[in-house]
There are 2 protein chains.
Amino acid sequence: MTESRPTIETVAARAGVGRGTASRVVNGSSQVSPAARAAVLKAIDELGYVPNRAARNLVTRRTDCVALVISEPGDRLFSEPYFAGIVRGISSAMAQTQLQLWLSMVSSSAERERTGRFLTREHVDGVLMLSQHADDPLPAQVRARGLPLVLCGQPLASDPDAGEMPFVDADNATGGRQAAQYLRDLGRRRIACVAGPQDMAAGVARLEGFREVVGDELVEYGDFSEESGAKAMVALLDREPGLDAVFAASDPMAFGAMRVLKAAGRRIPEDVAVVGFDGSPGGRHSDPPLTSVFQPTEEMGREMTRLLLAQLAGDQPVEAQVIVETRLEIRGSA
Amino acid sequence: MTESRPTIETVAARAGVGRGTASRVVNGSSQVSPAARAAVLKAIDELGYVPNRAARNLVTRRTDCVALVISEPGDRLFSEPYFAGIVRGISSAMAQTQLQLWLSMVSSSAERERTGRFLTREHVDGVLMLSQHADDPLPAQVRARGLPLVLCGQPLASDPDAGEMPFVDADNATGGRQAAQYLRDLGRRRIACVAGPQDMAAGVARLEGFREVVGDELVEYGDFSEESGAKAMVALLDREPGLDAVFAASDPMAFGAMRVLKAAGRRIPEDVAVVGFDGSPGGRHSDPPLTSVFQPTEEMGREMTRLLLAQLAGDQPVEAQVIVETRLEIRGSA
DNA sequence: ACTCCATCTGGGAGCGCTCCCAAGAGCATC
DNA sequence: GATGCTCTTGGGAGCGCTCCCAGATGGAGT
């Protein structure tokens with residue numbers, strides 16, 4: 001405890017140079033003679049010098065800190081592999097950086113308010129946000145403060161500033177198309193759809209892709225949850241007992257639909273083929289294992305990080321939107 | 001951009017007091033007259049003053065920042081609801097605080113090294129660690145630097161400094177007992193166990209509880225993964241084709257075991273009852289839904305935070321170990 | 001030998017805050 | 001009216017860093 005950590009002054013003294021030169025070496029300026037640089041690096045190594053972040057931030061007025069806001073009500077939070085994969089991707093991309101990742105999970109409006117108050121230049125350099133709902137005020141708030149921001153999931157076209165929000169999303173429309181086309185190629189003729197909520201871009205786009213191939217005769221809507229999937233399936237069976245395939249716009253809804261189908265005596269996939277959306281690992285344990293449109297969550301996380309870093313570097317008006325590919329993962333249910 | 005954020009000097013000037021008094025109000029010192037306090041609070045409110053964290057940290061030599069290190073190799077990382085629940089608990093408890101939560105996910109040794117270098121007083125005030133493996137060097141490293149630390153999961157008794165590491169864990173032994181007792185109460189007679197790895201405290205304790213009730217005639221070991229569960233189940237069936245119940249020390253292992261059992265023509269739960277450990281939501285979609293020992297992950301996260309805050313406050317030599325209760329969640333597989 | 005420029009260097013200033021000391025104010029006691 | 005106490009206050013000092021300016025150095029050009 002007696003010996004405190006070395007400061008840059010200590011390093012400079014030991015290297016026999018001035019504070020300025022030592023600082024230049026630490027920050028990788030090119031305006032330093034090779035001899036001076038070598039001496040400073042040697043001193044740093046010997047002393048085990050680590051720059052004091054607070055002091056640096058005080059003068060540079062940056063924080064080297066990026067917020068990851070996961071804004072989702074209640075239980076769904078994080079329980080879905082969707083979030084897990086994205087967080088993993090972000091974290092691994094961030095690990096290549098000087099940046100710290102500050103985590104905030106928002107599930108109540110009190111937490112939302114507190115987080116909103118925190119998201120200022122004072123505290124973070126930029127914000128990554130996993131937010132599903134169109135009515136979340138946080139993105140606009142962050143945007144208004146001029147903080148760099150990247151969303152996960154395309155904002156709805158109806159959103160006033162949807163056009164200028166940088167985001168990363170899966171190619172939901174193509175995913176929906178892939179599912180529908182696959183079912184069609186299997187020779188299925190009465191193909192139904194349990195669509196997602198139409199106040200979310202993902203819900204809209206997945207249905208749109210499906211509709212392009214199959215049409216929208218047999219569509220019921222859910223909210224991505226298992227329960228809503230079950231309920232929609234009941235309605236679909238009621239409308240068309242002879243249906244021979246279902247595309248559900250999320251894996252949980254697919255699980256709910258399968259439960260209802262089995263209870264109604266349908267064999268999967270013989271009588272009714274089922275395709276989900278997410279490609280979640282949980283689909284491997286269902287009975288039968290769930291065929292599903294896989295979205296590369298980890299890659300999405302990495303892309304989000306990349307977009308944010310580009311904004312922070314501030315070179316060019318960077319590309320604002322990244323769409324990553326989906327692919328059909330075929331298991332047992334179709 | 002022209003108008004910069006107000007400093008405490010601005011606040012003091014506006015309130016007609018000195019900088020010191022303003023600072024005292026901001027930091028809640030009692031040594032301030034009511035009149036002065038009111039004036040300062042008014043000024044703060046009018047100016048929208050927010051203290052500059054970097055400047056404060058520079059002088060207080062604290063960071064108001066806590067690291068959450070999730071140290072787990074490869075894919076399992078975060079994909080299990082186990083992690084998700086704990087993170088949620090930590091995050092919600094931390095939201096009550098001034099503290100920031102810095103997230104680091106460690107899956108390669110390079111990342112481990114980088115994180116280790118970062119975990120100093122310079123950067124964080126304390127560390128929360130979700131680490132499963134006995135040979136992880138990070139806890140000892142953090143401990144050696146005198147940083148407050150709370151682990152999730154009891155260190156192995158063989159670990160040199162296991163005794164002094166504060167931790168939170170589920171009552172794994174009781175959980176194992178609950179599962180075994182339940183199977184026994186169902187009238188099962190040939191009860192097998194797919195145990196976890198014996199280099200992890202959770203693996204040891206769950207088996208120990210099971211063994212107390214059933215004995216250890218029929219035990220095979222896995223590593224908590226689905227594949228290992230399947231392999232162990234094959235071995236068990238080979239040793240005792242007449243077994244009528246299985247306790248698996250993790251849900252993924254239970255899924256693997258169920259797959260093998262079904263392939264071997266056993267009906268679940270009629271021929272063989274299966275109980276898992278985790279109580280993961282995924283168990284609801286398996287066929288049949290998995291009966292499992294539930295561990296209250298969210299509560300564990302909250303407890304970890306509580307222990308760390310107590311250490312940071314540094315009042316008393318705080319209680320170092322918290323064991324939370326498990327409970328059997330009965331679904332369809334047993 | 002002189003100027004001129006490019007390159008490199010040292011160190012003053014100051015970021016916004018808390019700590020702490022000395023001094024002022026108010027009051028009771030001698 | 002002087003003394004001693006407590007409560008409150010203002011502001012100097014300094015945390016460790018980067019920014020920036022002025023000066024030193026050295027080689028090229030005249």
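Nothing here was measured: the structure is a model prediction, and the numbers come from that model. Chain letters run A, B, ... following the sequence lines, proteins first and then strands; every chain starts at 1.
For B:Val59, the side-chain atoms get nearest to D:dC15 when compared with the rest of D:dC15, D:dC17, C:dC8. In the set C:dG10, C:dC17, D:dT18, the nucleotide with an atom closest to the side chain of B:Pro51 is C:dC17. Checking D:dT8, C:dC15, C:dC17 against every side-chain atom of B:Gln31, the shortest atom distance belongs to D:dT8.
Whole-Å rounding puts the A:Arg56 CZ to C:dG14 C1' distance at 18 Å. We find that CZ of A:Arg121 is positioned 17 Å from C1' of C:dC15, with the value rounded to whole Å. At whole-Å resolution of the value, CG in A:Asp64 and C1' in D:dC17 are 13 Å apart. If you take CZ of B:Arg53 and C1' of C:dT18, they are 16 Å apart, rounded to a whole angstrom. Remark: C1' of D:dG11 and CD1 of B:Ile8 are 13 Å apart, rounded to the nearest angstrom. The distance from atom CZ of A:Arg37 to atom P of C:dT7 is 15 Å, rounded to the nearest whole Å. As a whole-Å value, the separation of A:Leu58 CG from D:dC19 P is 12 Å. With rounding to whole Å, A:Arg5 atom CZ is found 13 Å from D:dG16 atom C1'.
Nucleic acid contact for B:Ala54: none, since no nucleic acid atom lies under 4.0 Å from a heavy atom of the residue. Here A:Asn27 lies in heavy-atom contact (under 4.0 Å) with sugar-phosphate atoms only. Looking at heavy-atom distances under 4.0 Å, B:Val26 makes no contact with the nucleic acid at all.
The side chain of B:Thr21 contributes an N or O atom lying less than 4.0 Å from OP1 or OP2 of D:dG10. Dashed line: the shortest gap from a side-chain N or O of B:Ser23 to OP1 or OP2 of C:dC17 is not under 4.0 Å.
Annotation: of the two residues near DNA chain D, B:Pro34 and A:Glu9, the 5′-most nearest-nucleotide partner is B:Pro34. Heavy-atom nearest nucleotides on DNA chain D were determined for A:Val50 and for B:Ser33, and the one closer to the 5' end corresponds to B:Ser33.
At a cut-off of 3.5 Å, with distance as the only test, no side-chain donor of A:Ser92 or A:Arg302 sits close to an acceptor on the other residue. There is a side-chain donor-acceptor pair under 3.5 Å between B:Ser71 and B:Asp136.
The environment of B:Glu113 atom CD is sparse: at most 12 non-hydrogen atoms of other residues, nucleotides or ligands sit within 6.0 angstrom.
Remark: the A:Arg61 side chain and the C:dG16 base include no donor-acceptor N/O pair separated by less than 3.5 Å. Applying the 3.5 Å distance criterion, the base of D:dG12 shares a donor-acceptor pair with the side chain of B:Arg19. Side-chain atoms of B:Arg24 and base atoms of D:dG10 include a donor and an acceptor less than 3.5 Å apart.
For B:Asp64 (side chain) and B:Leu99 (main-chain N/O), no donor-acceptor pair under 3.5 Å exists by modelled atom type.
The pair B:Arg5-A:Glu122 meets the salt-bridge criterion, since a charged nitrogen lies less than 4.0 angstrom from a carboxylate oxygen. Salt-bridge check for B:Arg306 with B:Glu303: passed, with a basic side-chain N closer than 4.0 Å to an acidic carboxylate O.
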